[in-house]
Novice: 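Quick one: this structure, given as structure tokens, is what I'll be asking you about.
Proteins get letters first, then strands, A, B, ... in listed order; numbering begins at 1 in each.
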Amino acid sequence: MQEKLFAGCDVGSTTGKAVLIRDGSIVGSVVVPCLPRPEKTAELVMNEVVKQAGLSSITDLAYLVGTGYGRMRIPFANENISEITCHARGASWLCQSVKTAIDIGGQDCKVIGISNNGRVREFLMNDKCAAGTGRFFEAMGRVLHLTLEEISALSLKSASPANITSQCSVFAESEVVSLLNDGVDVVDIAAGINLAIASRLTSLVRKVGIVEDVTVTGGCAKNAGLIKCLEDRLKSTVKLLPEDPQIVGAIGAAVLAREQHQKLPRS
Amino acid sequence: MGSKPFTRLEEILEGFLKPAAMMLGADDTKDAEQQFMLQLLQTLSGNLDEAIDVARNRQKKFVWCEFCLTPELFLAFDLYPFIGEIQPAVYSKVRQDFIAEFIDAAENSGIPPEVCSIDKVLVGAILQDEMPTPDLIVTTSAPCDSSRIGYQIMEKLFDAPVVRLDAPFTNDAGAMKYYADQIRSLIPTLEKLSGKRFDVDRLREVVEESNRALNHIGEWHELRRLKPCPTPANILMNVYLAFLTTLGHSRCTEFSESVYRFARRRIEEGFGNKEKIRVIWQHVPSLFDDVVFNWMEQEFGAVVVDDMMSGYCRQLPIDTSSLDSMLLGLAQRGLNMTMGRLRMTAQTYVSDFLKAYHDYLGDCAILSAHAGCKHCWGAVNLLREAARRENIPLLIFDFDFLDSRVVSTETVQSKIGQFFETMGL
Amino acid sequence: MAVIEILLNISSSFPNEVMEQWRREGGKIVGYFCSYVPEELIHAVGALPVRIRATGSADTSDGDAYLSAYNCTFTRHALDQILKGKFDFLDGIVALNSCDHIRRLFDIIAQKAPRPFMQLLNVPHTTTDGTCQWYLNEISRLKQALEKHFGVEITDEKLRGSIRLCNETRSLLKRIHETRKKPDPPLTGAEMLGITVAATAMPKEQFNAMLSRLLGELESRVHPDKYRARIMLVAGLLDDPEFLKIIEGQGALIVAESLCFGSRWFWNPADESLPPMEALADRYMNHPPCPRMIDGHERRFAFIREMMEAYSADGIICERLKFCDLWAGESTLLRWTAREAGIPLLALEKEYTSGGLGQLRTRVQSFIENMGK
């Protein structure tokens, strides 16, 4: 008999993610932009993923774990687990050698030290401050009239990245405007932005300790220019995961859903 | 400066402390905790009553003392020692709107936001005519840059006479003698101010009184090492604030004894315990809210068994055999019972933490890094490494211990909750 | 090449070519962090005293593993350089309780990347007879430690020689500084800063010889740029002539300064008639004070007032590093005091490495316009 379906639902600050697993493999995954209310985002993303797997209703799922900023507001979740635990488990499940995960989310970034059994050894969050988050890249993109993909692609072409010194994204924005007015090439500014963020992330990683393999999760992991800067700074290769880095938290939640379900008393 | 200082402090006293004490006092069925809370409220009220009375009527000279000076020498001259740095905590605990008013006033006058909020509140309170002009200011060069420059600003605003003591950053015998000599050099100034001859026997009486108080506090701390810890964490900072301002006063000694008795009574009553996690709290916890401690105890059975400031109160009694020995003791006590201890190395900061963790049988640690404390921010990552070496689960978060606008109680709670959950505590 | 260009070149990097040459010839180098460190003692053991800068650093990612965003960017850059091994040429580091950031910086270096000779001085925050005696004891401890580590005895005769040499540097720098009293100063503020920075990063013997030549050259030099206002610059740690160039590019010629890398460091000589250690204690505890000195605000402001009068300065620009509490308070006090005295003042703040230059230009320009210049 086929195993039941387990689900993870990660409602973040900018996107909602859902993943279904069965028999140790992913059978469905969906990413949607957030709606104003987390419960609506959860509903939307879960309906989509259920449809993708050919189920008729969310109630057909064996167990659902919610995670992310909106995790308290997912009405149909059996349980909610913090996104730190989920990211650690997701990264470790996808690639057992991963011992350090850097998650660059929409409004915060975290560095998670992972023990051999996929549990959290130590973690560190950088919140309150937009530097090193998706929001920062959005703000820079606005000033430069570029998308995240364009910043990534352009930054790889620079031979002399601009020096952006401000820690604060608000000040960094005015620095970028200054650089543009001084006629600095957009390519070098894009590279400077990635370098500034990589530098900030590196110091966070050093605080938790660089234990290889290191991976990056979250939407910004798709910024190849950032990954390259990060590798230079960390003097370590970033291990790429075999799945979309944005859904790692949801994968972890689904994996944990299966574990939690097995702990339930058999009826 | 305004003619009627402490109008806001009076609001706190009359509008909050006294009514709360009245309500508790009227209840005949007080348990040990309520009985203790009543004593705490009465002590705090007594302290504020005296501060307001002396500030307005000057039956005694009003001496503004920086945090790293203990009150004993001033009490020996029958002067009123006003410990400046304690006051922001009093405002913060009861009226966040006053804290906002003072901090905004300081920042609007040009003080940059990154200065420690203790000094911003004091400067702002002076600008807003809340603080009385003292008859004398006595300051030290401990504990930090913020207070070193903060006092230079306060001096200018007050235009009052000032004595400045230099505090070295080590605790060795030479350093303590050097600092004790400076305390000694205060004596002629205090004689002149009070119109009284210095009487070494009177100082001895005051120091013996403060020794008794610290002895009770020490005994209470011993009891906190028990599993489960007999007293709730929400009293930790309250105790510290209540006794530090009046050390050497009989009111302080009686209160300190009541703290110890409260713990004993709880043990004898076999208080119902839900202690599951013993937390060591490094650095200064939120002064604007005790709710976090209660919430931790109720939600997680997590009890803060020791915090850094309380830890600093574990002081040996002062040897009262001679004036020299007393001055040495006061030097030592002033610089180590307060944030003055942060003037020492980062390694001291870390080893103090590890000692508390082991002595108080901690299961994990929480470090609330005060945004304005550069000493702390320069040492947190060495502490993080030390905690990792010893497998101590550690949460570090930043906030402002006086100003809830910086990081709210809800955010602090969500971080702590996430920490307990993620680390499987 | 003109002397001034050689000196500006020396100041533009850390380490520089002269320091590297010194190393190649087997010389020892001891770095220090603050103007309260008596360089004479380092010189007297035959080592080269250099003031540590993080010039050229563009990153703090290694440093931030220990320091944080709440610490000043100078200490973060300096720690980064040290952890990256860029300061391995230093045989020793001498620091003191200058400020909380430097204190913790030293603690971290001592634990994570110590150099062979490490000393932390306990320097008083007030100037009285008692504290000067304490400082004398502290520098005696430094003297003994240097003697022991470098295996060289510091005789009174040697120390007198070192004092004479440093006094000569001070006197030459003061004479150069004084050329700016003229209506057409031969030097810009940026150039003056470059010269004093060079003085902290090369052998004094060489520097003094070059400065004597420079004094001759300056007699016939007239600075080509027109200026709109004469400015007194007041700051803590500021070692970047490029930053001054931007200010001066707006027509604000810096004619005088109270800087840690400037007049506060070289203004007063040591008294050569005193026993040498006493002369040092007296000199360093009484030089124009930094805001770390809690009894120093009046002396600091008097120094600025006298300087402004002597140099006919129109206004003050006060700069500080973000997260520096001492200068946060000092700039506020200075603003209040200047307002009472009717002196125009512009307060600026920056990170250690310059950034946000567009805004800076606008602020300086409008400051000059508001002065009616």
Novice: Under 3.5 Å, side chain of B:H370 to main-chain N/O of B:F401, donor-acceptor pair present?
Specialist: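 At least one qualifying donor-acceptor pair exists.
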Novice: Among B:R343, B:K374, B:Q182, who wins on heavy-atom pairs under 4.5 Å with chain C?
Specialist: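 Of B:R343, B:K374, B:Q182, B:K374 has the most heavy-atom pairs under 4.5 Å with chain C.
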Novice: Which atoms of B:A369 are under 4.5 Å from chain C, going by heavy atoms: the side chain, the backbone, both sets, or neither?
Specialist: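 Contact with chain C is absent: no heavy atom of B:A369 under 4.5 Å.
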Novice: Of the backbone (N, CA, C, O) and the side chain (C-beta and beyond), which part of C:A347 lies under 4.5 Å from a heavy atom of chain B, both, or neither?
Specialist: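 Neither; nothing under 4.5 Å.
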Novice: Who wins among C:L326, C:T337, C:L67 for the most heavy-atom pairs under 4.5 Å with chain B?
Specialist: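 Option with the top pair count is C:L326.
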Novice: So which of B:I149, B:N381, B:D145, B:D166 has the biggest tally of heavy-atom pairs under 4.5 Å with chain C?
Specialist: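 Heavy-atom pair counts peak at B:D145.
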Novice: Going through the distances and angles, do B:F82 and B:C65 end up as a side-chain contact (heavy atoms from CB on, under 4.5 Å)?
Specialist: CA-CA 6 Å; B:F82 176 77; B:C65 297; over 6 Å; no
Novice: Taking atom CD as the centre, does B:E191 end up with more than 12 heavy-atom neighbours from other residues, nucleotides or ligands that are less than 6.0 angstrom away?
Specialist: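 Atom CD in B:E191 is packed in, count exceeds 12.
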Novice: Between C:R320 and chain B, with a heavy-atom cut-off of 4.5 Å, which part of the residue counts as in contact: side chain, backbone, both or neither?
Specialist: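 For C:R320, the side chain is the part near chain B, not the backbone.
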Novice: When you check the side-chain N and O atoms of C:Y66 and B:E385, is any donor under 3.5 Å from an acceptor?
Specialist: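 Looking only at side-chain atoms, B:E385 and C:Y66 do form a donor-acceptor pair, the distance falling under 3.5 Å.
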Novice: Contact part of B:T140 toward chain C, heavy-atom cut-off under 4.5 Å: side chain, backbone, both or neither?
Specialist: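 Contact with chain C is through the backbone of B:T140 alone.
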Novice: Measure C:L334 against the heavy atoms of chain B and call it side chain, backbone, both or neither at under 4.5 Å.
Specialist: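 Answer is neither: C:L334 stays 4.5 Å or more from chain B.
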Novice: Quick check on the interface: out of C:L120, C:L105, C:N137, who has the most heavy-atom pairs with chain B under 4.5 Å?
Specialist: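 Max contact count across the listed options: C:L120.
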Novice: Less than 6.0 Å separating the ring centroids of B:F158 and B:W64?
Specialist: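 For B:F158 and B:W64, the ring centres are under 6.0 Å apart.
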Novice: Pick from C:W327, C:F106, C:W336: which one has the most heavy-atom pairs with chain B under 4.5 Å?
Specialist: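 Highest number of pairs under 4.5 Å: C:W336.
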Novice: In sequence, state the C-alpha distance, the side-chain angles, and the governing distance for B:L394 and B:L383, and then conclude on side-chain contact (heavy atoms from CB on, under 4.5 Å).
Specialist: CA-CA 10 Å; B:L394 170 69; B:L383 189 140; 3.9 Å; yes
Novice: Around atom CG of B:D172, are there more than 12 heavy atoms of other residues, nucleotides or ligands at under 6.0 Å?
Specialist: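 Correct, the count exceeds 12.
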Novice: Looking at C:Y36, is C:R292 sitting on its ring face, NZ or CZ under 6.0 Å from the six-membered ring centre and within 45 degrees of the normal?
Specialist: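 Output yes; distance and angle both within limits.
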Novice: Less than 4.5 Å to any heavy atom of chain C: does that hold for the side chain of B:K156, its backbone, both, or neither?
Specialist: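 The side chain, not the backbone.
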Novice: Return the option, out of C:R300, C:E138, C:R335, with the maximum number of heavy-atom pairs under 4.5 Å with chain B.
Specialist: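 Between C:R300, C:E138, C:R335, the count favours C:R300.
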Novice: Decide whether a cation-pi geometry holds between B:R164 and B:Y151; the criteria are a distance under 6.0 Å from NZ or CZ to the six-membered ring centre and an angle within 45° of the ring axis.
Specialist: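 Relative to the ring axis of B:Y151, which defines the angle, B:R164 lies outside at least one limit.
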Novice: Given heavy-atom pairs under 4.5 angstrom as the criterion, report whether the side chain, backbone, both or neither of C:N71 touches chain B.
Specialist: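 Just the side chain, heavy atoms under 4.5 Å.
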